[in-house]
Amino acid sequence: MDINKNDYFLNDEIPEDERRDTAFQTVNAIRESVTLAKNSSLPITYEFAFSIIYDLDKELYESIINLLVSKNENEIVKYYKEIAEALSSEDNILDPIDLIQKELNELEDILKTKKEIIHI
């Protein structure tokens, strides 16, 4: 039986909010444990806690980061990421930034055309 050690954070059967809460609690536990072990009155940074998780297990780090970052993405970011993924192929992977730039270029052309019409 092949058991993925990070199944919990990747398991779609567990509600995403619950997995995200546990991921945040895990980062906090590492942060508090290291702070306590150092006998420091100032807690270590979250960045340092993430670097410890990364050093211990890169796959666990990726699972936690993906859960925590996905919550902070707004709808527009999610939209462009989904469009880029849908339009990408194995040979041609699209970057969401390229789609945004293409749309901005089209809007600039429209504005330029409109300004030319107004000035005629």
Side-chain angles (χ1 to χ4, degrees):
M1 183 174 173
D2 184 27
I3 298 177
N4 183 343
K5 59 185 167 183
N6 300 325
D7 267 350
Y8 179 83
F9 293 114
L10 301 173
N11 189 341
D12 290 334
E13 294 176 8
I14 300 170
E16 187 173 340
D17 286 345
E18 183 179 323
R19 290 182 286 136
R20 188 176 295 110
D21 288 346
T22 303
F24 184 71
Q25 292 166 358
T26 301
V27 174
N28 271 333
I30 295 287
R31 186 173 180 241
E32 291 175 15
S33 297
V34 172
T35 299
L36 184 62
K38 290 175 73 171
N39 199 22
S40 175
S41 59
L42 296 173
I44 66 167
T45 64
Y46 282 102
E47 182 179 2
F48 190 66
F50 280 117
S51 71
I52 291 171
I53 294 169
Y54 181 84
D55 289 343
L56 292 173
D57 187 330
K58 291 173 181 62
E59 290 178 17
L60 177 62
Y61 170 84
E62 290 296 326
S63 298
I64 289 174
I65 287 292
N66 287 338
L67 275 171
L68 296 178
V69 170
S70 69
K71 178 65 176 177
N72 292 325
E73 287 183 348
N74 67 31
E75 293 302 313
I76 293 172
V77 171
K78 288 179 186 176
Y79 169 79
Y80 281 102
K81 280 187 169 183
E82 288 172 3
I83 295 294
E85 185 177 330
L87 296 175
S88 292
S89 66
E90 287 183 24
D91 299 333
N92 184 24
I93 297 175
L94 293 177
D95 190 330
I97 293 173
D98 295 334
L99 295 175
I100 294 168
Q101 188 60 55
K102 180 181 176 188
E103 191 169 322
L104 287 173
N105 292 344
E106 290 170 357
L107 292 172
E108 286 175 356
D109 289 344
I110 292 169
L111 285 173
K112 184 178 176 183
T113 303
K114 185 165 180 143
K115 286 180 182 179
E116 290 172 0
I117 293 172
I118 291 174
H119 286 57
I120 294 179

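The figures here come from the full heavy-atom set of this structure, side chains too, leaving out hydrogens, waters and symmetry mates.
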Connected via hydrophobic side-chain network under 4.5 Å: L99 and I93:
no
Cation-aromatic face contact K58/Y54, 6.0 Å, 45 degrees
yes
Of all the heavy-atom pairs spanning N11 and E13, show the shortest one and how long it is.
OD1-N, 2.8 Å
How far does CG of L87 sit from CG of D98, to the nearest 0.5 angstrom?
11.5 Å
For residues 106-114, dump all side-chain donor-acceptor pairs below 3.5 Å to protein atoms at least two apart in sequence or in another chain.
{"residue": "T113", "atom": "OG1", "partner": "D109", "partner atom": "O", "Å": "2.8"}

Hey, could you give me the CD1/OG1 distance between I64 and T26, rounded to the nearest 0.5 Å?
5.0 Å
Taking C-beta and beyond as the side chain, do D57 and Y61 meet within less than 4.5 Å on heavy atoms?
no
At their closest point, which heavy atom of S88 faces which heavy atom of A84, and how far apart are they?
OG-O, 2.6 Å
In one Ile/Leu/Val/Met/Phe/Trp/Tyr side-chain cluster, 4.5 Å: F50, L56:
yes
Minimum side-chain heavy-atom gap F9-N66 below 4.5 Å:
no
Check whether any side-chain heavy atom of I52 lies under 4.5 Å from a side-chain heavy atom of I44, and answer yes or no.
yes
Could you tell me if the side chain of D12 sits less than 4.5 Å from the side chain of R19, heavy atoms only?
yes
Looking only at atom types and distance, does a side-chain atom of T35 sit under 3.5 Å from a main-chain N or O of S40, one as donor and one as acceptor?
no
Suppose we screen for side chain to side chain contact (heavy atoms under 4.5 Å, CB included). Which residues come up paired with L104, at least two apart in sequence or across chains?
I100, Q101
Closest approach of T45 to R31 (non-hydrogen atoms, all atoms of both residues)
C-NE, 4.1 Å
Mind telling me whether Y46 and F24 have parallel, tilted or perpendicular rings, with 30° and 60° as the class edges?
parallel
How about E85: does its CD atom have over 12 heavy atoms from other parts shown lying under 6.0 Å from it?
no
